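Because only heavy atoms are used, hydrogens play no part in the values below, and waters and symmetry mates are left out as well, while side chains stay in. The chains referred to below are lettered A, B, ... by the order of the sequence lines, with proteins before strands, and numbering in each begins at 1. Treat the numbers as computed from the prediction; the structure is a model and nothing was measured.
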Number of protein chains: 4
Amino acid sequence: MKSSARLGRPVNADAERTRRRILLAAMTHVAEVGYSRATMKSIAEQADLTSAAIYRYFPSKADLVLQALDDVFADVVGRLEAAAFSVEGLRARLVALLEEALACMADHPSMTRFEASLLFESTHSPEFAAAVGYRRHTEETLYRRLVVEAVDTGELPVGTSVEAMVDLLTSVSWGLTHLSVTATADRHRAAIRLTESLLAQGFPTGS
Amino acid sequence: MKSSARLGRPVNADAERTRRRILLAAMTHVAEVGYSRATMKSIAEQADLTSAAIYRYFPSKADLVLQALDDVFADVVGRLEAAAFSVEGLRARLVALLEEALACMADHPSMTRFEASLLFESTHSPEFAAAVGYRRHTEETLYRRLVVEAVDTGELPVGTSVEAMVDLLTSVSWGLTHLSVTATADRHRAAIRLTESLLAQGFPTGS
Amino acid sequence: MKSSARLGRPVNADAERTRRRILLAAMTHVAEVGYSRATMKSIAEQADLTSAAIYRYFPSKADLVLQALDDVFADVVGRLEAAAFSVEGLRARLVALLEEALACMADHPSMTRFEASLLFESTHSPEFAAAVGYRRHTEETLYRRLVVEAVDTGELPVGTSVEAMVDLLTSVSWGLTHLSVTATADRHRAAIRLTESLLAQGFPTGS
Amino acid sequence: MKSSARLGRPVNADAERTRRRILLAAMTHVAEVGYSRATMKSIAEQADLTSAAIYRYFPSKADLVLQALDDVFADVVGRLEAAAFSVEGLRARLVALLEEALACMADHPSMTRFEASLLFESTHSPEFAAAVGYRRHTEETLYRRLVVEAVDTGELPVGTSVEAMVDLLTSVSWGLTHLSVTATADRHRAAIRLTESLLAQGFPTGS
DNA sequence: TATGAATGAGCCTTCATTCAT
DNA sequence: GATGAATGAAGGCTCATTCAT
């Protein structure tokens, strides 16, 4: 009854497109107002849909948002990793990583806020703990690789506490993320550059 | 028969005690579940009261939480400032400041999470913007004083961007705060120590 | 232990004074915002008391307000009756009655609104039915006496439906009462005068 | 297969039916217990719904009730106007108007009580002032037209105070309305008839 | 596939009322 | 006689979620 043609899977490319529209809307809206204040209705409106329709694609609000996080995360972590390992030397790698983070933010403006929202929320509600735990784990893994390799190559002194170093990097990453939420893009960039130079040369001295 | 005394102790110490119990409950509960998920009912229960009773002390949820923030903040900022200026030299001051922050957290375990909750929330809802803006401003002012004095004493090179430096410190502070929320106290402490040495001596090198 | 003197009943004339203050406050406040919107707290404040104190004098909000109504009513109905019977002839009596009503309003500005509030409320809630029923009954009795006497003296045709005539007078009274609530005092006065002339001479004609 | 039709009937007659059911329930319930005592829950139950469902149709309790008033009012004022101008002569018109009012009440039994509730409430709460003000204005406009025309045709003496006359009619209308709320339908009818004759021939005399 | 209608749970807030002091 | 503290019962409103169409 349908016109012939359409070889392969004519599967609803439409459906997939809608799915992504919802995902994007969720990300944007949560980034704007935070998870708790975000409503399915608003997300749906931003995706040109009814809230009921969303349930065709995602079983619940939490799930929708979690999948959005996964999507974003998969994209970002890949880029960060690639950037970090495109150069040699711990400091250079950290700088590259930070620069790439900056680039990511430019590409998806609401991404950082969105991530921050969810990670923050995860502290409070168990439903997010798992997914966010994984995300954190992945990020830490990346840092760990950097640190371990640096110890191996002698760039960091033997006996360095990998654990603590990873936490430091995580902390720095978080601090900058938060800054991106509260400060202008310019100030954020400036702070990143300063962090880079701090990592590269230590705290500046006047003498 | 009444001599002139009467100064000092407020008439009704009970009311004040209840007020503080509510404030504490609010802080604890918001720290646990975040502002949006926190309910007056839970706060009241944690303070051994009915939710209606809270309204004898605070006109609204937002107000209650804001006053809790003010209380905590007044306490903390004073301690941080005192600690920072109890020693000389930018690096030493930063170290002292971080150590005192650690001590504060030990004193009020849920404080950090609570503050983080509100500061985060303030990004999304205007009701908190003012109060949190003031808080941020005060923190930045403290950092600015440290930086400016360091430039004056020649500890930091002339031409240092005060703005960027303040942002860096804010960012570091935030990163560590967040870490305290997600990591164990021990790891948090270790990361702080590492940050201190990073500030003091720059990134470690193996050579 | 108390200073001697105070012969007779030193009984709390104070108490009675407080009671009346509360009654007055209730009347005023209910007149302003209506029964449902009136709160014990506001009434108490207007009487320079705590809401809890009111319960020493009145067992409940409904009771308080009802007693206030009784007070007002006893005063007013006496005056109206006296005024009506101070002259002869139905029309003259009605005129006198309306004029006295006008005088009452001048004396207790919020009285009319208060009465209207309660009478209105009585339509909706059974707790007031009894008291208001009594009030209506008394008013109707007054009208009935006027009408019956007028029939007796031949001023009204034999066969006049007393019932209907009483209802008419009640209706006129109500209409004017309501007008006093919605219009200015001047317009109210003008409408009363017109009603008086309508009763006295019938509807005006141009020919 | 679809011909050009499609004009007329709205797409979803169900929704409109529900809307009207809610409106009717609101009118009935408010008429019964007054605006303040009326609850969304009771209205919903009377309309076979959950209270939450009402909010799909009306944004708030005040709005719901106001729309109900508008509906009723639009219907009634049209009928009264048509009735009044279907005959000639002021007295005849007033009689026709009152008769039509009687008919309206028969059609919508709770209408009068409902209107009275709201008009009364409007005295105390500003939210209704606008809508009720408009209603009052419309009613007065109708009366004014009657009076002015009567002056023009010489039916009322030149120099008649239109303002006062309008107030008188408003007052009469209100008195009768209130009577309809407190008395039986029969007594109400009788009082109306008496009012009509009062207007037509002046107060009865025995001589 | 998407919608409109409806629900139920829950939240913040208000208020008459009680009671120990 | 009066207060301050506390309560319990509601009430208006929101929102994630379901379901028939």
Test side-chain contact (heavy atoms from CB on, under 4.5 Å) on C:I43 and C:L49 and set out the steps.
CA-CA 9 Å; C:I43 294 175; C:L49 276 171; over 6 Å; no

Sort and list the pairs that fulfil salt bridge (Lys or Arg N to Asp or Glu O under 4.0 Å) and have at least one residue in residues 60-70 of chain B, not counting sequence neighbours.
none

One pair to check against side-chain contact (heavy atoms from CB on, under 4.5 Å): C:T28 and C:Q46. What are the steps and the verdict?
CA-CA 9 Å; C:T28 312; C:Q46 220 160 105; 3.4 Å; yes

Round to the nearest Å and state the distance from B:D48 atom CG to F:dA5 atom C1'.
14 Å

So does A:E121 pair up with B:R37, basic N to acidic O under 4.0 Å?
yes

Please evaluate residues A:Q67 and A:R19 with respect to the criterion side chain to side chain donor-acceptor pair (under 3.5 Å), reporting the C-alpha separation (whole Å), side-chain torsions for both, the decisive distance (0.1 Å), and the verdict.
CA-CA 11 Å; A:Q67 287 191 35; A:R19 214 188 90 99; 2.9 Å; yes

For DNA chain F, what dot-bracket results from Watson-Crick or G-U pairs at under 3.5 Å, with [ ] for crossers and | for inter-strand partners?
.||||||||||||||||||||

For the pair made of CG in D:L49 and P in E:dG8, what is the distance, rounded to whole Å?
11 Å

If you apply the rule side-chain contact (heavy atoms from CB on, under 4.5 Å), what do you find for C:V132 with C:L69, and how did you get there?
CA-CA 9 Å; C:V132 167; C:L69 180 63; 4.1 Å; yes

C:R19 atom CZ is separated from F:dG1 atom C1', nearest whole Å, by 15 Å

Could you tell me how far apart D:E16 (CD) and E:dA5 (P) are, to the nearest whole angstrom?
11 Å

Has the side chain of D:T50 got a donor or acceptor atom that lies under 3.5 Å from a matching backbone atom of D:A53?
no

Any chance you could list the contact pattern along nucleotides 15-21 of chain F? Use B for base contacts, S for sugar-phosphate-only contacts and - for none, protein heavy atoms under 4.0 Å, 5' to 3'.
BSBBB--

Residue B:T50, side-chain atoms from C-beta onward, closest of E:dT3, F:dT3, F:dT7
F:dT7

Between F:dG8 (P) and B:E45 (CD): distance, integer Å:
12 Å

Separation of E:dG8 atom P from D:I54 atom CD1, nearest Å, is 14 Å

D:R21 CZ to E:dA5 P: how many Å, rounded?
12 Å

How many whole angstroms separate atom CD1 of C:I22 from atom C1' of F:dA2?
10 Å

Without swapping roles, check the side chain of C:S42 against the backbone of C:A38 for a donor-acceptor pair under 3.5 Å.
no

So B:Y57, base contact, sugar-phosphate only, or nothing? Heavy-atom distance under 4.0 Å.
sugar-phosphate

For C:R113 and C:E32, run salt bridge (Lys or Arg N to Asp or Glu O under 4.0 Å): C-alpha distance rounded to whole Å, both residues' side-chain angles, the deciding distance at 0.1 Å, then the answer.
CA-CA 8 Å; C:R113 259 184 147 93; C:E32 269 168 19; over 6 Å; no

